[in-house]
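In what follows, every chain begins at residue 1, and chains take the letters A, B, ... in the order their sequences are listed.
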Protein chains: 2
Amino acid sequence: MTAPSDDAPPRRAGRPRADARSVSGDPTDEILAAASRLIGELGVGGTPMSRIAQEVGLKQSSLYYYFRRKEEILAALVARANVVPLELLAAISADGDAPAVQLYRFVRADAVALCALPFDINDIHRIAMRDPVEFASYWKERASLERQLATIVRRGTAEGSLRKVDARLTALTLLANDEGAQNWFRLGSKWSTAAIGGHLAELAVAGLLVDPADLATTRRRADELDART
Amino acid sequence: MTAPSDDAPPRRAGRPRADARSVSGDPTDEILAAASRLIGELGVGGTPMSRIAQEVGLKQSSLYYYFRRKEEILAALVARANVVPLELLAAISADGDAPAVQLYRFVRADAVALCALPFDINDIHRIAMRDPVEFASYWKERASLERQLATIVRRGTAEGSLRKVDARLTALTLLANDEGAQNWFRLGSKWSTAAIGGHLAELAVAGLLVDPADLATTRRRADELDART
DNA sequence: CCACTGTTTCGATGGGGCATCGAAACAGGC
DNA sequence: GCCTGTTTCGATGCCCCATCGAAACAGTGG
């Protein structure tokens with residue numbers, strides 16, 4: 001996914017696996033895929049390395065040839081998870097519409113993206129907080145996200161379309177809302193991700209707009225831009 | 001806290017502790033206090049039973065005389081944490097003001113209460129989700145909370161003061177927002193709990209009100225009611 | 001005063017997860 | 001056919017959770 005380049009490293013053969021199945025692709029990717037799925041079902045704490053190894057046809061200790069520690073697997077997972085909202089924000093910023101429209105689009109798409117994740121982002125957040133080294137790039141990217149969002153909010157208040165709120169606090173709150181939603185809606189909720197995203201965006205933007213009459217036009221404009229695909 | 005009655009059970013003496021310190025109060029309470037503090041610092045996963053035992057002057061295995069499993073300690077902690085918002089909602093409902101005012105008061109106070117918790121409520125949520133038996137009463141109380149909140153929202157939309165939103169989805173979102181906020185603001189944030197609670201309440205209510213001109217009066221009325229103490 | 005009983009605590013132990021280490025088992029080049 | 005680098009394994013050590021049987025006390029009744 002991240003590296004479409006087929007510059008596969010030599011991949012010389014080593015000791016054959018005990019479970020003599022064919023090695024389909026890059027073991028690293030297979031491990032990440034298995035880990036993602038298992039952690040989604042069982043949670044981080046409920047997913048032992050031995051289970052992941054079993055899933056890809058390796059013994060437990062063999063995983064440590066590809067990842068030094070369990071957290072390194074988690075870091076790789078969230079790294080991919082962070083790319084989406086960042087690209088999202090870049091695209092939205094490039095379109096350069098009214099702040100309210102940008103926020104609406106971001107909140108909605110971010111919530112949808114988060115709810116579509118196979119695992120619980122907050123679960124990994126918790127571990128990442130205790131390990132700033134391993135997750136350094138994650139936190140850096142997240143800080144960037146927060147700053148960019150705050151900038152949009154600040155522009156909105158400056159031009160008078162948004163209520164006078166603390167931009168940084170608001171940015172953090174918006175992100176926290178999306179993440180909080182994922183917590184509750186990831187698994188079989190009665191609502192679709194689209195419904196949830198729309199609801200969150202609506203609530204957030206309506207809460208920020210000075211004139212709520214702008215809500216309808218904001219939504220329409222956001223729909224229009226997002227519909228281009 | 002929960003039982004102000006001083007009907008202390010006999011507390012006959014048993015084998016003396018290796019660490020021969022005086023046993024101040026009910027060991028159960030001491031254990032919960034220590035666990036709460038440690039888990040707040042180190043997280044659930046980072047707090048071994050041995051550390052809790054050490055804190056109260058017991059050996060690891062002795063903890064199991066008071067709690068069968070680690071989760072039982074967590075359940076006891078969240079049980080106390082759930083009482084606050086329920087009583088809050090009861091009090092607010094008893095006052096019986098406009099839906100917007102009730103929501104404002106609840107969101108603000110709930111956020112403040114959550115941020116004041118010594119441990120990470122989401123961390124325990126995650127474990128509680130995997131153990132519906134041990135945390136049965138917790139989930140029951142939470143469902144009640146959700147239902148009551150939804151009722152308030154429904155009243156608001158019915159009488160026309162609030163926008164037409166899905167009441168249940170909105171209720172869950174409000175709770176999720178508070179919890180998401182606790183996630184980010186519990187530890188040394190640059191904002192006070194009061195600022196965070198106010199911000200969340202403001203954002204939520206503004207997002208729900210049909211006429212945002214009501215926001216100021218809603219806030220004033222909420223302040224007035226909460227000031228009675 | 002002494003056994004007996006119930007309460008509280010301990011030590012030992014088993015099971016399981018994470019991580020490390022040295023060696024085994026291969027493919028390919030010389 | 002031997003040497004080298006790659007990949008995998010098994011054994012091991014440490015930590016954590018939980019259980020079990022026994023130890024160490026305070027009271028009570030004789």
Side-chain angles (χ1 to χ4, degrees), chain A residues 8-31 34-35 38-39 42-76 123-124 127 130-131 133-134, chain B residues 8-31 34-35 38-39 42-76 123-124 127 130-131 133-134:
Chain A
R11 177 70 191 171
R12 287 180 50 182
R15 172 174 175 170
R17 298 184 178 181
D19 176 359
R21 287 183 341 214
S22 63
V23 181
S24 43
D26 182 1
T28 302
D29 290 339
E30 273 192 290
I31 291 170
L38 286 173
I39 288 175
L42 311 169
V44 174
T47 306
M49 295 292 271
S50 56
R51 188 86 172 67
I52 301 175
Q54 186 185 352
E55 208 78 358
V56 294
L58 284 172
K59 298 297 182 184
Q60 181 254 147
S61 66
S62 301
L63 288 184
Y64 291 84
Y65 180 72
Y66 298 97
F67 298 92
R68 291 178 194 284
R69 323 189 295 117
K70 195 180 183 182
E71 284 78 31
E72 211 171 293
I73 296 183
L74 305 184
D123 199 0
I124 302 196
I127 292 164
R130 315 258 171 221
D131 193 346
V133 184
E134 187 76 66
Chain B
R11 177 68 191 171
R12 287 182 48 182
R15 173 174 174 169
R17 300 183 176 181
D19 176 358
R21 286 184 342 214
S22 63
V23 180
S24 44
D26 183 1
T28 301
D29 290 340
E30 272 192 290
I31 291 169
L38 286 174
I39 288 175
L42 311 169
V44 174
T47 306
M49 294 292 273
S50 56
R51 189 85 172 66
I52 301 176
Q54 186 185 353
E55 208 78 358
V56 294
L58 284 172
K59 298 297 180 183
Q60 180 252 147
S61 66
S62 301
L63 288 184
Y64 292 84
Y65 179 72
Y66 298 98
F67 298 92
R68 292 179 193 282
R69 325 187 297 117
K70 195 179 184 184
E71 284 78 29
E72 210 170 295
I73 295 182
L74 304 184
D123 199 359
I124 301 196
I127 291 164
R130 315 259 170 219
D131 193 346
V133 184
E134 187 75 66

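Atom CD of residue Q54(B) and atom CG of residue L63(B) lie 11.0 Å apart, to the nearest 0.5 angstrom. I52(A) CD1 to I73(A) CD1: the interatomic distance, rounded to the nearest 0.5 Å, is 4.5 Å. The distance from the CG atom of L58(B) to the OH atom of Y66(B) is 6.5 Å, given to the nearest 0.5 Å. A distance of 10.0 Å separates CD of E72(B) from CG of D131(B), quoted to the nearest 0.5 Å.
Residue A18(B) is in sugar-phosphate contact alone, with no base atom involved, counting any heavy-atom pair closer than 4.0 Å across all strands shown. Counting any heavy atom pair closer than 4.0 Å across all strands shown, F67(B) reaches no nucleic acid atom. Backbone-only engagement by E71(B) is indicated by non-hydrogen atom pairs under 4.0 Å involving sugar-phosphate atoms exclusively.
For dT8(D), neither phosphate oxygen OP1 nor OP2 lies less than 4.0 angstrom from any side-chain nitrogen or oxygen of Y64(A). For the OP1/OP2 pair of dC9(D) and a distance below 4.0 Å, the side-chain nitrogens and oxygens of K59(A) include no atom meeting the criterion. Checking the phosphate oxygens (OP1, OP2) of dT9(C), a side-chain nitrogen or oxygen of Y66(B) falls inside 4.0 Å. In this model, the phosphate group of dG11(C) is not approached by any side-chain N or O of S61(B) to a distance below 4.0 Å at OP1 or OP2. Taking only side-chain nitrogens and oxygens, Y65(B) never comes nearer than 4.0 Å to OP1 or OP2 of dT9(C). Applying the 4.0 Å criterion to OP1 and OP2 of dT9(C), one finds that R17(B) has a side-chain N or O inside that range.
Regarding M49(B), its CE atom lies at a distance of 17 Å from the P atom of dG11(C), rounded to whole Å. In this structure, L42(B) atom CG and dC15(D) atom C1' are separated by 15 Å, rounded to whole Å.
The side chain of P16(A) lies closest to dA25(C), out of dC17(D), dA25(C), dG17(C).
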